[in-house]
Amino acid sequence: MNHRRSTEPHVTRRFSLSRMRRTPLSRAMVRATTAVGAVVGLGSCATNAAQDTWQPKGPNAKMIDDLQQPIFAVAGIIGIIVFAAVSYAIWRFKDRGQPIPEQTHGKPALEITLTVIPALILAVVGVFTFRVIFDLAKTDDTELVINVTGQQWWWEYDYPAQNEWGITQPIITSGQLVMPVGTKVLLRETSRDVIHSYWIPALNGKRDAVPGRIHTLRLEADEPGIYAGQCTEFCGLSHANMRMEAVALSKEDFATWVANQQAAYQSPAEGTLAKEGESVFLNQCVRCHQVDGLKRPDGSLAIAAPDENVWSGAAPNLTNLMTRNTFAGAMFDLLRDACRDDVWNAESAEFGAKYLAGVDEACLNVNDLRAWLRNAPEVKPMYANPALLADTNGKYRGMPNLGLSESDIDKLVAYLLTLK
Amino acid sequence: MTMHTTEHTAASHGDSAHGGAEHAEHGMSTRGYINIALILAAITALEVSTYYVDFGPLFLPALLIMMVVKFFMVVSYFMHLKFDNKLFSWMFYAGLFLAVGVYVAALGTFHFFLR
Amino acid sequence: MAIIERPAPGTTLVPALAPSAPAITPARTFGALRRPVATTGWKSWLFTVDHKKLGLMYGATALFFFIIGGLEAVLIRLQLAAPEGKVLNADLYNQMFTMHATTMVFLFVMPMAAGFANYFLPLQIGARDVAFPRINAFGFWCLLAGGIVVNLAWFFGGAADGGWFMYAPNSGPVFSPSHGVDFWALGLQIAGIASLTGAINLIVTVLNMRAPGMTLMKMPIFTWMITVVQFLLLFAVPVITVALFLLTFQRSFDAKFFDVAAGADPLLWQHLFWIFGHPEVYILVLPSFGIISEVLPVFSRKPLFGYPFVVFSGAAIGFVGWGVWAHHMFASGLGPVSVAVFSLATMAIAVPTGVKIINWTLTMWGGKLVFTTAMKFAVGLIILFTIGGLSGVTHSVAPSDTQQTDTYYIVAHFHYVLFGGAIFGIFSGFYYWWPKMFGKMLNERLGSWNFWLMVIGMNLTFGPMHILGLQGQPRRMYQWTEARAGEGFFNLGFWNLIASIGSIILTLGVLFFLINIVVTARSKVRAPLDPWNARSLEWMTSNPPKEHNFDSIPHVNHLDEFFHRKYEEDPTTHTMREVATAEQVLAELEKNADAHIHMPSPSYWPIVLAAGMPVVALGVIYSIPVAIVGGLIMLYAIYGWALEPATAPAIDHDESSSNGHNGHAVGASHG
Amino acid sequence: MADTAVAHEGHTSSTGISNVKLGMWLFLGSECLLFGGLISTYMLYRGRVSNGPTPEQVYDIPFTSVSSFVLLMSSLTMVLAVSAAAKKDDRGTNLWLVVTALLGATFVGGQVYEFTAFYNEGLGFTTSLFGSSFYTLTGFHGVHVTVGIIMLMALVAINKRSRVPGSKAETVEMIGLYWHFVDIVWIIIFTLVYLIPV
Ligand code: HEA
Ligand code: HEA
Ligand code: CUA
Ligand SMILES: [Cu+2]
């Protein structure tokens, strides 16, 4: 019973809204069920929530899990002992008309024993804890560095040039962190505004992204797949909508991904709807959103100036928007449900190819994307109301309602679909 | 110290003797206070001199020691803590040491901060 | 000087002043006001300095805020009952959990404990009042003013929305543009004055005003725990005071403290907040530990097992509690060295807490257990707090905490320790002490409903949160999404719904308590003198106690003095036999009643002084001239206060000179 | 109270010490954490000057040394006032209290001058972290001194009219404790803030 079933194919189809990867019964659970007792133990049975903390999928998370499972067990046992002792006392010493007992004031020997035992237990726990803390803090054998920046309410990833990975110029993306499997990835986290916290439960614990500081977090995934995560430090209005995913690809797939991200920009063919979309984009969007290589009609490079428009100083880089499959802080899917499930629940062997296929017109979750372009603050709470900009020198916190016409939105969607 | 309290302490508590023989009960003589003040003034002069004279590596520890000495002189003599009921010392030093402890530890964590 | 008060309660004639200055008390207090003397009617409450009245006022205020905080919680649960909840929008939700926590922590549990402490601590040590009765009154009014200021923000553009620990820089002027955080910071600052003055007052009371014979190790355990708490407050409140000042200066006067662009480090706030915040959680729970350490022995008919261990473990918790604050910052990026140190320190605190659990259990062991409602809540606390404490230990393991922090698993932990600990203790105290405070017993049948609904509701509400958290549901989310809920037995949807249903059951439980209060108030049945066969001094007086508490101050020879006056041990069988009834014990005291008992007189100044503070706060937020007006009100009050003797001369009393000591200024007796 | 202790057993203070004095010491213990927090904030931020002058550029050590010395000496005059009050020497008490208040006022005056000078050199409350934390720390201290001065003067005023409630000697002593505390806080500030370079 103690083996992993993570590669087992789907048996049941879940109802349409539920889009999570089917997750396995872990060995941790088995250990815990026996020890901790029904309620907590059963917690890792069944098809778990996306961010289950008891399903490590990489060595860092596993280190934590191996440490915590016995501790849950110890805690459970102590709890049961206390419960049993109190219950026994309730039952045994209930007032049944017995005389008032002797007024004993305690037994120091018993007292000291019962103080020393917990102290010893904790001393043991302490030793293991101590070791794991320092093991997790190791950074000297890092293989890939990715800078992660939190901003109200999305994450930006910046892959500094690292020739051994084929990254010759920095790659900037958002929402989904793409990384190679079996690789010690070091995140260097910071923030542009308030404190956020980066957390991919299957890969490691949290680390706060604090403005003005750089904190490191080690991630490593054993198998290709999508691992859900969420910002876990309260960061204002849309904290609940600040999600992210880590996408682990095989090393070859990762190289493909890198190459694609660095490919030159391809302007849509003249006369297409997408081409019209490009010019709407140049008019409306480029003041905040960068698309690398995009040129103005006069041939000059279009350089976004998000810092002039957005309080925290940046907006997602949209160069390869359609290679990710969620947007706006992973709040919305870029894929329709069916396509999404196909990618997210793919076998690890097939996953890479499916992910790299990106989003095409047939699979595009056009409703959410259109709603976003129509009126972003309505679908995601943001401080983007033009009437309330006095405190921020006229800058937005989030993406404002741009008052686009439906036809402009048509054009933009067509254009965005070309950004792959 | 006031007459009342002295009598009272003696009457009901009986442990006001730790003042040392040379001091009359809780207080000191005016002369004594002036002497303390002179010492304080001298230390202050020495402190200020560090601004002009280079003390080398001794600079920081010397300054801190002088600061602490002055601090405890005022507390012990001007504030009578040395002669007064021990309870006062407990209350005050509890706060003082707690403050030093937590704040030094907190400032310390800013330095343990490893990238 | 302002803090001069009557030194000891009930001090009789003391001709303390030099004969040259006999009439220091003007018939009119300074300014225009003759000092208040009413002992009944609303004025007797507004201007009272009686620790019992103030205790009740603290209690009533706290209960009011409990309902507010509870309703906020229920709204939170309604919002989260289903995915994509629509009851509250994001902004309101953020205000809701911030204010829920603020209200529960600062305006319910702390004042409730202050209320019990005020009422019972002097009674338990055989004193007639606290050391500084006017400062005591001032403290209460500060608390009320602070609570009002914090909540006023609801009506001035939105309440504070940064979470109860209000991390910088999210609490800064740009990220929280409404005035909510301003009201929050200033209101807590004002409420903090109540805690600080209360702490000084009660510590002095405990150290200086014990009945003869009551050595420290004969003090009732509740008094002990309250004393530990007061030390925690004494040293913790100034730390948050600093933090709040920095925040206010930043928000109102553009200081840079948390402005990252200027080079600020946001972790400064976290340190300051949690250096206060961790001692604070013990401030919240230790009074309840004290209460059930009174209740368990009474209903086990046995002394507290290992009294000295319980005392020292309380002190140890208080002490070690200062060295663990950074366990709230395991994910903040402190670096492994600090994390390791604080992780181990945190584990250490489980040891003294374990001592308490063990001693309570052993107190019951071999006893004669009577399951009144008070006792049920006490036993409930042992179990529920242990669950919460054990999840606390799983947090203390820093690497696991990085998986748990800011998820519902933490929310589960702290509601188990807070609701299962602090609140159960408080409810135990309600049932136990109600007859003492009001002379009537709360209905036990309703009490039983109250208890069981609360136990069931509490476990249904907070139990599932362990699962939610370990399944990765973060806290402080105004909505959760089906997309990440999973399915099967442990899907988030089901357990969120259960938690919400639980909170309704919990509300019903609390409602039964409120009904019980009304039913009891209407009932004509008086409580017997000693309904529980109690053990400590507060029961050695009438129900409710007279204004001066005791007719004569008892001499204390035992821990559990009252019990030992009623019972003696049979030397051969070692069983206890009753030698006197409570009535007889009381009659004995009455027989030796003190001839002259002079209680401190009411005063206008505490309430006037406190009233100046919200004015200052509003001024800081909106317009400095208003703050100056507030400052002037306060100055006037201090002036009046400083010149007013603690006790009015007899001619100010209606029954003039009935005590027969004209010319003696009792209040100024201090030597 | 002393009398009660003998006359009416049970009404004395259990420890034999006065409530007010115990309360005052507790308050001072608590104040340690208040000033500790402010000092720590300053220590963390003193070198963080993103804008405006640095500490070295504004501090005038000779000037501050003199005003620190003045404050230190006010502790001497304060203790002499306490001494006088204990001897029931009203005139002496009033005299020393007034001198103490004057010394304190000199110190505060010096601080006002210093603040103005710094401000003119470009260091405002909102200029930099150094500015904010410097003014907050020294400002809090200055407010404490000012409150002390007000208490001293008020005491002299009501003493003259013999309207001090309670024991005069103890009142003077209490104000003295407060005053000395404010002085020892400055001893620390002077060293940590002014003398130790960033
Ligand atoms: C009443 C309040 C109260 C109490 C008493 C406690 C008690 C404890 N708390 Fe808790 N805590 C809170 C209130 C409280 N806490 C709050 C409000 C928060 C969250 C704040 C926020 O983020 O909003 C919090 C958060 C919190 C955290 C931070 C979590 C995070 O945000 O990541 C941690 C981490 O270590 C922690 C640990 C502990 C520990 C170890 C104890 C220990 O004192 C518990 C000790 C008790 C026992 C262990 C049980 C009995 C013992 C035995 C039966 C003996 C045998 C036991 C062993 C050998 C293990 N608590
Ligand atoms: C002592 C402290 C205390 C208490 C008692 C409670 C009590 C409750 N708490 Fe709270 N809680 C906190 C302290 C407390 N909490 C803290 C510190 C936080 C963290 C906040 C933060 O993250 O900043 C928190 C956060 C918190 C959350 C997480 C919010 C989030 O992270 O998004 C939730 C969610 O369910 C919750 C629920 C509840 C519930 C259901 C109760 C119930 O126990 C409430 C019981 C119900 C009542 C008491 C209602 C009584 C009312 C009536 C009977 C009304 C009827 C009367 C009339 C009509 C006159 N609390
Ligand atoms: Cu970002 Cu929460
Ligand atoms: Cu804590």
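To find a chain, count down the sequence lines: A is the first, B the second, and so on, and within it residues start at 1.
Judged purely by distance below 3.5 Å, without hydrogens or angles, the side chains of C:Q403 and A:N204 never pair a donor atom with an acceptor atom. Under the 3.5 Å distance criterion, with hydrogens and angles disregarded, no donor-acceptor pair is assigned to the side chains of A:W54 and C:Q471.
For the pair A:K206 (side chain) and C:A331 (backbone), a donor-acceptor distance under 3.5 Å is absent. Counting only distance, with no hydrogens or angles, the side chain of C:R476 and the backbone of A:C235 share no donor-acceptor pair below 3.5 Å. Between the side chain of A:Q98 and the backbone N or O of C:G367, at least one donor-acceptor pair lies under 3.5 Å.
Looking at C:R475, only its backbone comes within 4.5 Å of chain A, counting heavy atoms on both sides. With a 4.5 Å cut-off on non-hydrogen atoms, C:T405 touches chain A through its backbone and its side chain both. The contact between A:L237 and chain C is made by backbone and side chain atoms together, counting heavy-atom distances below 4.5 Å. Of the two parts of C:F371, only the side chain, counted from C-beta on, holds a non-hydrogen atom closer than 4.5 Å to a non-hydrogen atom of chain A. Heavy atoms of C:L304 lying under 4.5 Å from chain A belong exclusively to its backbone. Heavy-atom distances place both the backbone and the side chain of C:V339 under 4.5 Å from chain A. Both the backbone and the side chain of A:I78 come within less than 4.5 Å of a heavy atom of chain C. Only the side chain of A:H239 comes within contact range of chain C, with heavy atoms under 4.5 Å apart. Contact of C:Q270 with chain A is made through the side chain alone, with heavy-atom distances under 4.5 Å. Neither the backbone nor the side chain of C:I387 comes within less than 4.5 Å of any heavy atom in chain A. The contact between C:Y167 and chain A is made entirely by side chain atoms (from C-beta outward), counting heavy-atom distances below 4.5 Å. Residue C:F299: no heavy atom, backbone or side chain, is found under 4.5 Å from chain A. Of the atoms belonging to C:A168, it is backbone heavy atoms, and not side-chain ones, that fall under 4.5 Å from chain A. Looking at C:F258, there are no atoms closer than 4.5 Å to chain A (heavy atoms on both sides), in backbone or side chain. For a residue to count as touching a neighbouring chain, one of its non-hydrogen atoms must lie under 4.5 Å from one of that chain's; by this rule A:V210 touches chain C with the side chain only. With a 4.5 angstrom heavy-atom cutoff, A:S191 does not touch chain C via any of its atoms. Proximity to chain C (any heavy atom under 4.5 Å) is shown, for A:I117, by neither the backbone nor the side chain.
Looking only at heavy-atom pairs under 4.5 Å with chain A, the residue among C:M329, C:M347, C:Q404, C:R577 that has the most is C:M347. Interface summary for chain C: among A:K107, A:M331, A:R92, A:E233, the most heavy-atom pairs under 4.5 angstrom belong to A:E233. In terms of heavy-atom pairs under 4.5 Å with chain C, the best-connected choice from A:G126, A:P118, A:G79, A:P211 is A:P211. Comparing A:D193, A:L217, A:T392 by heavy-atom pairs within less than 4.5 Å of chain C, the highest count is held by A:D193. Contact count against chain A (heavy-atom pairs under 4.5 Å) is highest for C:Y478 among C:Y307, C:F165, C:Y478, C:F330. Contact tally against chain C (heavy-atom pairs below 4.5 Å) for A:E111, A:Q152, A:M63: the top residue is A:E111. The candidate with the highest count of non-hydrogen atom pairs below 4.5 Å against chain C, out of A:S238, A:G229, A:A123, is A:G229.
Within the model, atoms CG of C:D570 and CD1 of A:I100 stand 12.5 Å from one another, a figure rounded to the nearest 0.5 Å. Atom CD1 of A:I90 and atom CG of C:L369 lie 8.0 Å apart (nearest 0.5 Å). Here the OG1 atom belonging to C:T361 is positioned 9.5 Å from the CG atom belonging to A:L114, to the nearest 0.5 angstrom. Atom CZ of A:R96 is separated from atom NZ of C:K368 by 11.0 Å, given to the nearest 0.5 angstrom. In this structure, CZ in A:F93 is found 9.5 Å from CE in C:M364, a value given to the nearest 0.5 Å.
For the pair A:T53 and C:T407, the minimum side-chain heavy-atom distance is 4.5 Å or more. Proximity of A:R397 to C:P177: side-chain heavy atoms (C-beta onward) are separated by under 4.5 Å at one or more points. With a 4.5 Å cut-off on side-chain heavy atoms, C:S332 and A:H215 do not count as touching. When side chains are defined from C-beta on, A:D65 does not count as touching C:S400, because their heavy atoms never get closer than 4.5 Å. Two residues are said to be in side-chain contact when any heavy atoms from C-beta on lie closer than 4.5 Å; A:R243 and C:R484 meet this criterion. Inter-residue side-chain proximity for A:L110 and C:F305 is flagged as met; some heavy-atom pair is nearer than 4.5 Å. In this structure the side chain of A:P381 never reaches within 4.5 angstrom of the side chain of C:D91, judged on heavy atoms. A 4.5 Å side-chain heavy-atom check between A:T129 and C:P399 finds at least one atom pair inside the cut-off.
For the ring-ring contact (aromatic ring centres under 6.0 Å, His included) condition, the pairs that include at least one residue of residues 378-405 of chain C, sequence neighbours left out, are C:F289-C:F385, C:H395-C:Y409, C:H395-C:H413.
In this structure, C:W365 and A:Y88 have tilted ring planes: the angle between them lies in the 30° to 60° band.
Remark: C:F97 engages A:F234, C:Y93 in a ring pair (Phe, Tyr, Trp, His ring centres under 6.0 Å) (not counting sequence neighbours).
Other residues, nucleotides and ligands contribute only 12 or fewer heavy atoms inside 6.0 Å of the CZ atom of A:F83.
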Show the numbers, then the answer: is there a side chain to side chain donor-acceptor pair (under 3.5 Å) between A:Q103 and C:D560?
CA-CA 11 Å; A:Q103 303 293 297; C:D560 296 337; over 6 Å; no
